Amino acid sequence: MHAYTDGMIVLGIESSCDETGVALVEAGPLGLPRLRAQALHTQIRMHQAYGGVVPELASRDHVRRVLPLLEHSLAEAGLERHDIDVVAFTRGPGLAGALLVGAGVACALAASLGKPTLGVHHLEGHLMSPFLSADPPEFPFIALLVSGGHTQLMRVDAVGQYELLGETIDDAAGEAFDKSAKLLGLGYPGGPALAALAEQGDPQAVALPRPLLHSGNLDFSFAGLKTAVLTAMRKLGPEPTDRQRADLAASTQAAIVEVLVKKSLRALQQTRLARLVVAGGVGANRELRAQLDAAAGRRGLRVHYPELALCTDNGAMIALAGAMRLQQDPARARADYRFDVRPRWPLSEA
Ligand code: KG4
Ligand code: ZN
């Protein structure tokens with residue numbers, strides 16, 4: 001097996017959904033891996049016409065984009081293909097066809113170079129992404145993972161050591177943003193659009209439920225919120241004013257953010273940890289960041305975020321998580337070039 005050497009170059013390929021991401025990190029046996037280059041192509045505009053991600057179109061577009069993005073990253077880093085030591089790719093969870101493109105390209109490339117591969121869990125990528133920020137966290141920490149498909153609170157003691165403390169029993173926080181945005185007549189992806197509209201509105205204008213806020217545990221539920229938004233929309237009649245829509249957007253965002261903030265604080269309190277890491281697409285939400293920062297400031301807690309550009313899907317987080325796994329156990333890399341993907345893959349099994 002490949003020995004872990006100083007200055008090892010790990011290529012990361014992300015293709016689980018609607019972003020093709022490629023990145024190169026450099027890592028020694030110890031210390032934080034360093035991002036050398038990254039390139040990203042988002043398919044948002046392509047899917048916009050359909051109001052959501054069309055899996056077949058996503059796969060085809062990954063095929064078109066991934067090698068040009070690789071060339072771009074190599075050029076930016078001043079590296080050649082043969083400088084790559086390990087090829088990491090997103091093995092799951094995600095869209096099966098889209099994952100297969102990344103996995104297939106990764107294994108073919110690695111085979112042609114005679115280098116090993118490593119399948120990475122997409123959520124582990126999100127979880128580790130704040131380590132590439134200017135203010136990296138230290139283990140152990142509480143992670144609030146809020147993406148389009150997941151809402152989880154975890155205790156993280158090391159890469160690969162996760163204890164699930166609570167999660168959504170129905171919709172994810174990102175889904176709550178996306179579905180509410182759709183009800184408000186906003187396009188895909190709904191989260192950023194709803195957040196932008198919310199800036200013009202009054203967060204207290206519409207009383208919306210805070211599901212499970214006082215449940216005493218660390219679970220979430222967002223399905224009822226969507227129904228409440230639908231009811232509020234119906235009350236506004238067929239032609240709500242811009243002001244009314246902005247008020248409802250602001251109230252929806254306030255409901256989601258309040259639950260996320262309070263449950264995160266409760267997780268910190270219960271575990272007596274003082275460090276929170278926020279990861280996943282919803283972590284880009286400015287109101288969430290502002291409220292977490294304010295609450296943390298008052299309590300002497302630290303909150304770490306990925307750089308804004310690394311909140312949503314990207315190759316850098318996959319290269320990083322791959323490199324951190326290899327630092328822990330170099331034998332994880334495989335050179336048999338057989339691959340499978342795991343469209344549904346619990347993080348606990350990663
Ligand atoms: O992590 P991510 O890029 O993809 C998944 O792995 O799911 O997260 C995408 C989710 C979408 O639901 C999107 O609407 C949401 O993150 N999102 C936001 C913001 N930016 C992205 N939600 C609220 N505010 C934002 N600024
Ligand atoms: Zn993601």
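Every number for a ligand or one of its atoms is a count from 1 in the order of the listing. Bear in mind that the values here come from a model prediction, so they are computed numbers and not experimental data. The basis for the numbers below is simple: all heavy atoms, side chains too, and nothing from hydrogens, waters or symmetry mates.
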Novice: R275 and H304: side-chain donor and acceptor closer than 3.5 Å?
Specialist: yes
Novice: Say whether S133 and D135, considering side chains only, have a donor N or O and an acceptor N or O under 3.5 Å apart.
Specialist: no
Novice: For the CD atom on Q204, are there more than 12 heavy atoms of other groups (residues, nucleotides or ligands in this structure) within a distance under 6.0 Å?
Specialist: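 Atom CD in Q204 is not crowded, with 12 or fewer foreign heavy atoms closer than 6.0 Å.
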Novice: Using a 4.0 Å cutoff against the non-hydrogen atoms of H122, which atoms of ligand 1 qualify?
Specialist: 6 (O)
Novice: Is it true that the side chains of K226 and T252 contain a donor and an acceptor less than 3.5 Å apart?
Specialist: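 Side-chain D/A pair, K226 to T252: absent.
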Novice: Which of the atoms of ligand 1 are close to G148, meaning less than 4.0 Å from one of its heavy atoms?
Specialist: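 Listed by number with element: 5 (C), 7 (O), 8 (O), 9 (C), 10 (C), 12 (O).
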Novice: Do we see a donor-acceptor contact under 3.5 Å between the side chains of H122 and T90?
Specialist: no
Novice: Can you name the atoms of ligand 1, numbered from 1 with element, that are less than 4.0 Å from a heavy atom of T312?
Specialist: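 Counting atoms of ligand 1 from 1, those under 4.0 Å from T312 are 3 (O).
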Novice: Within less than 2.8 Å of the Zn ion (ligand 2), any N, O or S from C17?
Specialist: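 C17 does not place any N, O or S atom closer than 2.8 Å to the Zn ion (ligand 2).
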Novice: Once you restrict to heavy atoms under 4.0 Å, what part of H150 touches ligand 1? Side chain, backbone, both or neither.
Specialist: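 It is neither; nothing of H150 touches ligand 1.
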Novice: Report the name of the N/O/S atom of D313 located nearest to the Zn ion (ligand 2).
Specialist: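 Closest N, O or S atom of D313 to the Zn ion (ligand 2): OD1.
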Novice: Quick check: do L67 and V105 have side-chain heavy atoms less than 4.5 Å from each other?
Specialist: yes
Novice: Tell me, please: is C17 in heavy-atom contact with ligand 1, that is, under 4.0 Å?
Specialist: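 C17 does not count as a contact of ligand 1 under the 4.0 Å cut-off.
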Novice: Hey, does H126 come in under 3.5 Å of ligand 1, counting only N/O atoms on both sides?
Specialist: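 H126 vs ligand 1: N/O contact under 3.5 Å present.
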Novice: Is the shortest side-chain heavy-atom distance between K263 and L212 below 4.5 Å?
Specialist: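 Side chain of K263 against side chain of L212, heavy atoms only: contact under 4.5 Å found.
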Novice: Against the six-membered ring of F141, is R155 placed for a cation-pi contact (under 6.0 Å from the centre, within 45° of the normal)?
Specialist: no
Novice: Going by distance alone, is a donor N or O of one side chain under 3.5 Å from an acceptor N or O of the other, for S251 and Q253?
Specialist: no
Novice: Look at atom 19 (C) of ligand 1 and say which protein heavy atom is nearest, naming residue and atom and giving the distance to 0.1 Å.
Specialist: G281 O, 3.7 Å
Novice: Starting from atom 22 (N) of ligand 1, what is the nearest protein heavy atom, named by residue and atom, and what distance separates them?
Specialist: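 Ranked first by proximity to atom 22 (N) of ligand 1 is G191 CA, 3.5 Å.
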Novice: Which of the numbered atoms in ligand 1 are under 4.0 angstrom from any heavy atom belonging to G174?
Specialist: 12 (O)
Novice: Which residue and atom name correspond to the protein heavy atom nearest atom 2 (P) of ligand 1, and how close is it?
Specialist: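 Ranking protein heavy atoms by distance from atom 2 (P) of ligand 1, first comes D313 OD1, 3.5 Å.
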Novice: For the pair E124 and R325, find out whether any cationic side-chain nitrogen is under 4.0 Å from an anionic carboxylate oxygen.
Specialist: yes
Novice: Hey, what's the angle at the Zn ion (ligand 2) spanning NE2 (H122) and NE2 (H126), nearest 10 degrees?
Specialist: 100°
Novice: Looking only at protein heavy atoms, which one is nearest to atom 23 (C) of ligand 1, and what is the separation?
Specialist: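 The closest heavy atom on the protein side is N285 ND2, 3.5 Å.
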Novice: Taking 4.0 angstrom as the limit and counting only heavy atoms of G149, give me the atoms of ligand 1 inside it, by number and element.
Specialist: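 Selected atoms, number and element: 7 (O).
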Novice: Going by the atom numbers of ligand 1, which of them fall below 4.0 Å from some non-hydrogen atom of D178?
Specialist: 11 (C), 12 (O), 13 (C), 14 (O)
